[in-house]
Amino acid sequence: MKTLIFATNNKHKIHEVRQLLEGVVEIKSLDEMGLAGDIPETSDTLQGNALQKAQWIWDRTHTDCFADDTGLEVEALDGRPGVYSARYAGEHCSFDDNVDKMLREMEGKTNRNACFRTVVCLMEGGAPRYFEGRVDGQILTERYGKEGFGYDPIFMPDRFAVSFAEMPLEVKNRISHRGKAVAKLVEYLKDINK
């Protein structure tokens with residue numbers, strides 16, 4: 001089975017993506033490949049950051065790999081935090097710090113519309129290929145649920161009455177931004193491996 005390096009050490013992301021790619025390719029994390037160091041994320045677009053991370057892995061290993069970047073875009077905040085979602089409350093902040101800041105900034109706002117977007121960059125033989133996923137929803141007024149990570153406890157996807165953090169992983173993977181982007185990646189990988 002083909003092996004792909006996933007440019008992350010985020011255990012939640014690795015678990016989600018391994019479930020989605022089970023039986024298609026074997027996923028190796030940065031830790032498992034012995035890769036250390038800060039991967040640059042200096043682009044002002046999701047696609048740019050995903051490319052930067054995938055290129056960083058490719059330059060060091062010359063092994064096919066992929067990276068993703070995800071942003072939460074909130075209408076009432078003019079699309080913020082967007083590409084800065086992971087460090088919304090500052091460098092080295094926690095998921096809880098980011099959620100707390102979002103809840104503070106959304107206090108009293110009636111427009112709670114938001115979307116999550118993920119861009120996956122697959123680096124094959126040094127050439128990038130992109131896959132994008134998006135899910136629309138609402139920012140909740142408080143945390144609900146204990147599953148997932150990041151903004152999951154305060155994001156309720158459209159057509160659901162629960163937050164991402166209240167959903168079983170298999171349901172979230174089917175409808176989420178990352179799930180949709182990775183599903184496109186899976187479809188592509190299955191096609192080329194026929």
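The basis for the numbers below is simple: all heavy atoms, side chains too, and nothing from hydrogens, waters or symmetry mates.
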Ignoring hydrogens and angles, tell me if any N or O in the side chain of [X] forms a donor-acceptor pair with the backbone of [Y] under 3.5 Å.
X: N98; Y: G150; result: no
X: D64; Y: L4; result: no
X: Y151; Y: F116; result: no
X: D152; Y: F149; result: yes
X: R112; Y: I139; result: yes
X: N113; Y: E75; result: no
X: Q52; Y: T42; result: yes
X: R129; Y: E124; result: no
X: K190; Y: V24; result: no

Task: E22 atom CD: more than 12 heavy-atom contacts under 6.0 Å - done: no

Task: E187, CD atom: more than 12 neighbouring heavy atoms under 6.0 Å - done: no

Write down the atom of [X], the atom of [Y], and the distance for their closest heavy-atom approach.
X: A86; Y: C93; result: O-SG, 3.6 Å
X: P153; Y: G145; result: CB-O, 4.3 Å
X: A89; Y: K101; result: CA-CD, 4.0 Å
X: A181; Y: E132; result: CB-C, 3.8 Å
X: C65; Y: A54; result: SG-O, 3.4 Å
X: S85; Y: L72; result: OG-N, 2.8 Å

- [ ] Using a strict 4.0 Å threshold on nitrogen-to-oxygen distance, state whether D100 and R143 make a salt bridge.
- [x] yes

Open item on the list: Between the side chains of R80 and E105, is the shortest nitrogen-to-carboxylate-oxygen separation below 4.0 Å, so that they form an ion pair?
Closed with: yes

Quick check: do [X] and [Y] have side-chain heavy atoms less than 4.5 Å from each other?
X: L30; Y: I5; result: yes
X: L21; Y: F66; result: yes
X: R159; Y: I175; result: no

Do [X] and [Y] sit in the same hydrophobic cluster, where Ile, Leu, Val, Met, Phe, Trp and Tyr count as joined when their side-chain heavy atoms come under 4.5 Å apart?
X: V171; Y: L20; value: no
X: V25; Y: L122; value: yes
X: L77; Y: L103; value: yes
X: V99; Y: M167; value: yes
X: F6; Y: L189; value: yes

TODO: Could you label the plane-to-plane angle of the Y188 and F131 rings as parallel, tilted or perpendicular, counting under 30° as parallel and over 60° as perpendicular?
DONE: tilted

- [ ] Indicate the ring-plane relationship of F164 and F155, choosing parallel, tilted or perpendicular according to the 30° and 60° boundaries.
- [x] tilted

Open item on the list: Among H177, K13, K53, which residue satisfies the side chain to side chain donor-acceptor pair (under 3.5 Å) criterion with D68?
Closed with: K13

Open item on the list: Checking side chain to side chain donor-acceptor pair (under 3.5 Å) between D69 and each of N49, T118, T45, which is the one that passes?
Closed with: N49

Task: R134 vs K180, side-chain contact (heavy atoms from CB on, under 4.5 Å): CA-CA, chis, key distance, verdict - done: CA-CA 7 Å; R134 174 188 172 122; K180 289 176 180 177; 5.9 Å; no

To the nearest 0.5 angstrom, please state how far the [atom1] atom of [X] sits from the [atom2] atom of [Y].
X: E73; Y: D136; atom1: CD; atom2: CG; value: 9.5 Å
X: I14; Y: Q19; atom1: CD1; atom2: CD; value: 13.5 Å
X: K2; Y: E26; atom1: NZ; atom2: CD; value: 12.5 Å
X: H15; Y: S29; atom1: NE2; atom2: OG; value: 14.0 Å
X: R117; Y: L46; atom1: CZ; atom2: CG; value: 5.0 Å

Open item on the list: Please give the remaining members of the hydrophobic cluster of L140, linking ILVMFWY side chains under 4.5 Å, ordered by chain and number.
Closed with: Y144, M156

Open item on the list: Checking M106 against I154 for the side-chain contact (heavy atoms from CB on, under 4.5 Å) test, could you report, in this order, the C-alpha distance in whole Å, the side-chain angles of both residues, the deciding distance, and whether it holds?
Closed with: CA-CA 11 Å; M106 290 299 289; I154 61 167; over 6 Å; no

Task: Test side-chain contact (heavy atoms from CB on, under 4.5 Å) applied to K172 and E16, step by step - done: CA-CA 9 Å; K172 181 188 170 194; E16 282 185 10; 2.8 Å; yes

Open item on the list: If you apply the rule side-chain contact (heavy atoms from CB on, under 4.5 Å), what do you find for T63 with I57, and how did you get there?
Closed with: CA-CA 8 Å; T63 301; I57 301 298; 5.9 Å; no

